[in-house]
2 protein chains.
Amino acid sequence: MTNEEIRKKIEKEVLSKIKPSEDEQKRVVEAVKKLIDLVKFHAEIKGVCIKPILVGSVAKGTYMKNPDVDIFMAFPVSMSREELERYGLEIGRAVLGGGEERYAEHPYVHGKFEGFEVDLVPCYALETTTELMSAVDRTPFHTEYVKKHLPNEKIDDVLLLKRFLKGLGIYGAEAEVQGFSGYLCELFIIKFGSFSNVIENCRRFRKGTKLSIDKIDERYYSRFTDPLIFIDPVDIKRNVASPVSLDNFLIFTYACERYYETPKLEFFYPKEKKMSREELDRKIKQRGTRIVAITTGKPNIVADNLFSQLRRAEKCIRNVLEENGFKPIRSKYFAENDIMLIFELECWEYSNAKKHHGPEYGKGNSESFIKKWKMSEKALSKPYIENGIWTVEISREYRTAEELLKRKLPELSLGKNIVEEVKKKYNIVGIENIPYEILAKFYEGQFRWEDC
Amino acid sequence: MTNEEIRKKIEKEVLSKIKPSEDEQKRVVEAVKKLIDLVKFHAEIKGVCIKPILVGSVAKGTYMKNPDVDIFMAFPVSMSREELERYGLEIGRAVLGGGEERYAEHPYVHGKFEGFEVDLVPCYALETTTELMSAVDRTPFHTEYVKKHLPNEKIDDVLLLKRFLKGLGIYGAEAEVQGFSGYLCELFIIKFGSFSNVIENCRRFRKGTKLSIDKIDERYYSRFTDPLIFIDPVDIKRNVASPVSLDNFLIFTYACERYYETPKLEFFYPKEKKMSREELDRKIKQRGTRIVAITTGKPNIVADNLFSQLRRAEKCIRNVLEENGFKPIRSKYFAENDIMLIFELECWEYSNAKKHHGPEYGKGNSESFIKKWKMSEKALSKPYIENGIWTVEISREYRTAEELLKRKLPELSLGKNIVEEVKKKYNIVGIENIPYEILAKFYEGQFRWEDC
């Protein structure tokens, strides 16, 4: 078989797994119809005039099996923000028979309805994107745009691209993933015409790639320094790809190249590599590293906020470890019941004695240097001259990475809510306190399609 | 008492300890007379015409108790170098009844005569320093110069300066010491007039100090980059202070300053600080360092050559330790029956895994990087992308300083004769294999006059 034929076969198989059945499609349509009627009904009871709008992948027909149903409730712009939020929640709860209050830019209600996960989100009814009042207000315009520009026969291509990115672990614009949104997938297909064309084009992409559907002025690109720029056709001031991190962008590019060269099903459905405990132990022994981990409570904040704070915390702790000579090799964060930040170190212990250099002989304030260190309890030697520089040997503040973190952690700017948790309680633990499942994830490879 | 009075008292006490008694002076004069007669006698028997010249501190009267007697045997310039060496050794052996052959620039004979250590050194009889044939030929001119320019009443000042430098551990121009020669001490007194004046002037000295007896043209200084320059009055192209290392020069300067401020006998006669074993053990524990030492055979070469090679070896090993992350705090060399180079480390162990960075994604030869490390047995991970850079985790070549030295030592340029010894046999040992006396010296302070 040629690569072309192999790809066709694989993609057919993938579609058979992800496309909703006709029956499911029918059930979705019915559920949506009922939800819209219910929203209207409850709005009328409350005497508010709102327009329910089906948005997201269900509206666009680009949904996979078990889709989320997203319905926006467009309120008149004359209504105050407070009223919008209050009525939005009340109607949402009434429709879903309870549900759960969630929060993005507005509070909204999430619940189950006839087997589907449903979001009922209040927004303002706007005519154009120039008068946007919040990011959610843009969604109906995205939905309209895709419905208008994506031919029905290209829907399968969108589904393939979404599954491809899911397989790579980089589908989703949320802070936890830093990947490609569904809307971005649709724009890719509108731009390049098919999944195959996306693969063939994107494999050549490099940092700083600039894309748009319609030809636009260069200066609109120059606002952005993101690794990938895809100008939003409904809002030229926005980069749809801004959530995509550099490494995720390059993983995508590299995956396109590899899939182009050697297509295989594993790109869409990577084999779950279950590392046995023995294998993991062997790996850890062979690496001969030491692990230091921080556990603290999980702050009760929305996921996007949590994960961007976790990223900040990880970077901040890496820096302080690095600055003190405990070079981290790998690091990752995990948010389950608690949060855990894990650092694998190249070096974990230093002598107590370290050299401390003062001024050059005869320059600067040699006398105060000598006086200070002759008296100091931290001094392990008298000041002496080395290569013409006043030098003294002193006690190190932190001999081990554990000591360093124990003392420094509460002062670090880890992200507001994580700092609060740390102030309440935190632990510095070693590898023996990390569950096997987390360690296995810690040592996962980056390219999921690779045999391991 | 004023400082002035204290200094006078101390210096009087020092002189009473170092000045040879009248009886000893008489014995020296007699021994010299006999030696000269014997040299002449044996030369005559061999039929060579040589002129014995008393040189060094005995000739100049600037000697302390138990002086070495240095007699040069000036051969006619018409004689070949081979003949000079042969006759020189023969006559020397005959005079001293055996003796020991030593080697500086010429071979010469060292032995005992009437209780004194004696060197009998062949040289050429020259009229001026412009026709010097070797460094030893300069010595008689130095002797003449000092005899002419140093008033008798200044001899005590020379003795005080010599003892002061001995007390600091920086008396002697040999490679082992890298300090101040006796001739340099005499020039200091001729230049500044007295020991007190030397102290008062030198305490203000800084790196790059330029001195000469007679006013000389600036361009003669500019030949030298030594920390201290003292132009030789008998050979303007020579810096008498060139053997003085930067740190030894600054120790001298600093000692002058401290002695000026707080005179005490310890500058001349530092208290021997016997560190007890318990004290040493406590010190080592408190420093929390690790020691790695190299022992190998002592090459049978002249001391100056040995110590300059040892210095080179120490520097070279420090560099390789440093480059591999095992930061040395202290290091020293010892030459007793064997030679030993000791390094005290700030860090001694790393993980096996280390990061290895390749080209930036899409730049350079990413493909060969990926291919190489996917196949390599040294790889501990698949290649991955980090901050846009191809990265892989690989096995470190040397996890510990011991491993590093074991593998690298034979390739290092340690100095010719040390390399030869290393090729024969060497050991990498830890602190438990270092004798207490050596360890105590290893942890000695730099300023011997300080209370410890």
Side-chain angles (χ1 to χ4, degrees), chain A residues 204-207 227 245-251 253-254 257 283-290 325 327-330 344-355 360-363 366 370 374 380-391 393 395-396 399 443 445-447 450-452, chain B residues 204-207 227 245-251 253-254 257 283-290 325 327-330 344-355 360-363 366 370 374 380-391 393 395-396 399 443 445-447 450-452:
Chain A
R204 299 248 173 268
F205 281 179
R206 294 294 175 262
K207 194 168 76 177
S245 74
L246 173 61
D247 289 350
N248 284 346
F249 169 57
L250 297 177
I251 288 171
T253 298
Y254 185 61
E257 173 77 0
K283 200 178 187 100
I284 288 163
K285 202 177 163 198
Q286 197 190 17
R287 295 177 71 84
T289 48
R290 190 166 297 188
K327 306 179 198 163
I329 302 179
R330 291 191 174 209
E344 185 190 30
L345 305 177
E346 196 171 293
C347 175
W348 44 86
E349 190 184 2
Y350 281 93
S351 60
N352 184 40
K354 71 165 187 176
K355 260 189 196 169
E360 193 178 334
Y361 185 92
K363 292 189 180 164
S366 299
I370 298 163
K374 263 194 178 169
L380 299 173
S381 78
K382 293 268 169 68
Y384 59 91
I385 302 164
E386 189 178 62
N387 302 322
I389 309 289
W390 279 107
T391 307
E393 290 150 10
S395 279
R396 194 181 297 273
R399 288 192 60 179
Y443 285 117
Q446 194 176 44
F447 306 133
E450 286 185 338
D451 313 315
C452 195
Chain B
R204 299 248 173 268
F205 280 179
R206 294 293 175 264
K207 195 167 77 177
S245 73
L246 172 61
D247 289 350
N248 284 346
F249 168 58
L250 297 177
I251 288 171
T253 298
Y254 186 60
E257 173 76 0
K283 199 177 188 103
I284 288 163
K285 202 177 163 197
Q286 197 191 16
R287 295 177 70 84
T289 49
R290 190 165 299 187
K327 306 180 198 164
I329 303 179
R330 292 191 174 207
E344 185 190 29
L345 305 177
E346 195 171 293
C347 175
W348 43 87
E349 189 184 1
Y350 281 94
S351 60
N352 184 38
K354 72 165 186 175
K355 260 190 197 168
E360 194 178 333
Y361 185 90
K363 291 188 181 164
S366 299
I370 297 163
K374 262 194 180 169
L380 297 173
S381 78
K382 293 268 167 68
Y384 60 90
I385 302 164
E386 189 177 61
N387 303 323
I389 309 288
W390 279 108
T391 306
E393 290 150 10
S395 279
R396 195 182 296 274
R399 287 192 59 179
Y443 285 117
Q446 195 177 43
F447 306 133
E450 286 184 338
D451 312 315
C452 194

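In what follows, chains are A, B, ... by sequence order, proteins preceding strands, each numbered from 1.
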Which atom of [X] lies closest to which atom of [Y], heavy atoms considered:
| X | Y | value |
| --- | --- | --- |
| B/Ser381 | A/Arg330 | CB-NH2, 3.8 Å |
| B/Ile329 | A/Ala353 | CD1-O, 3.3 Å |
| A/Phe205 | B/Tyr361 | O-CE2, 4.3 Å |
| B/Tyr350 | A/Cys347 | CE2-CB, 3.6 Å |
| A/Ile385 | B/Ile251 | CD1-N, 4.1 Å |

[X] versus chain B, the contacting section by heavy-atom distance below 4.5 Å:
| X | result |
| --- | --- |
| A/Pro227 | neither |
| A/Leu345 | backbone |
| A/Tyr254 | both |
| A/Lys285 | neither |
| A/Arg399 | side chain |
| A/Thr253 | both |
| A/Glu360 | side chain |
| A/Ile370 | side chain |
| A/Leu246 | side chain |

Report summary line: Ranking A/Gly362, A/Gly325, A/Ser245 by heavy-atom pairs under 4.5 Å to chain B gives rank one to A/Gly362
Query - Crowding at NZ, B/Lys355 (>12 non-hydrogen neighbours, <6.0 Å) - result: yes
Report task. Heavy atoms only, distances under 4.5 angstrom: which of B/Arg396, B/Glu393, B/Lys354, B/Glu349 has the most pairs with chain A? Name it, please. Result -> B/Glu393
Report task. For each of B/Thr289, B/Leu380, B/Leu250, tally heavy-atom pairs with chain A at distances under 4.5 Å, and name the one with the top tally. Result -> B/Leu250
Report summary line: Okay, B/Arg287 and chain A: the region with an atom under 4.5 Å from a heavy atom over there is both
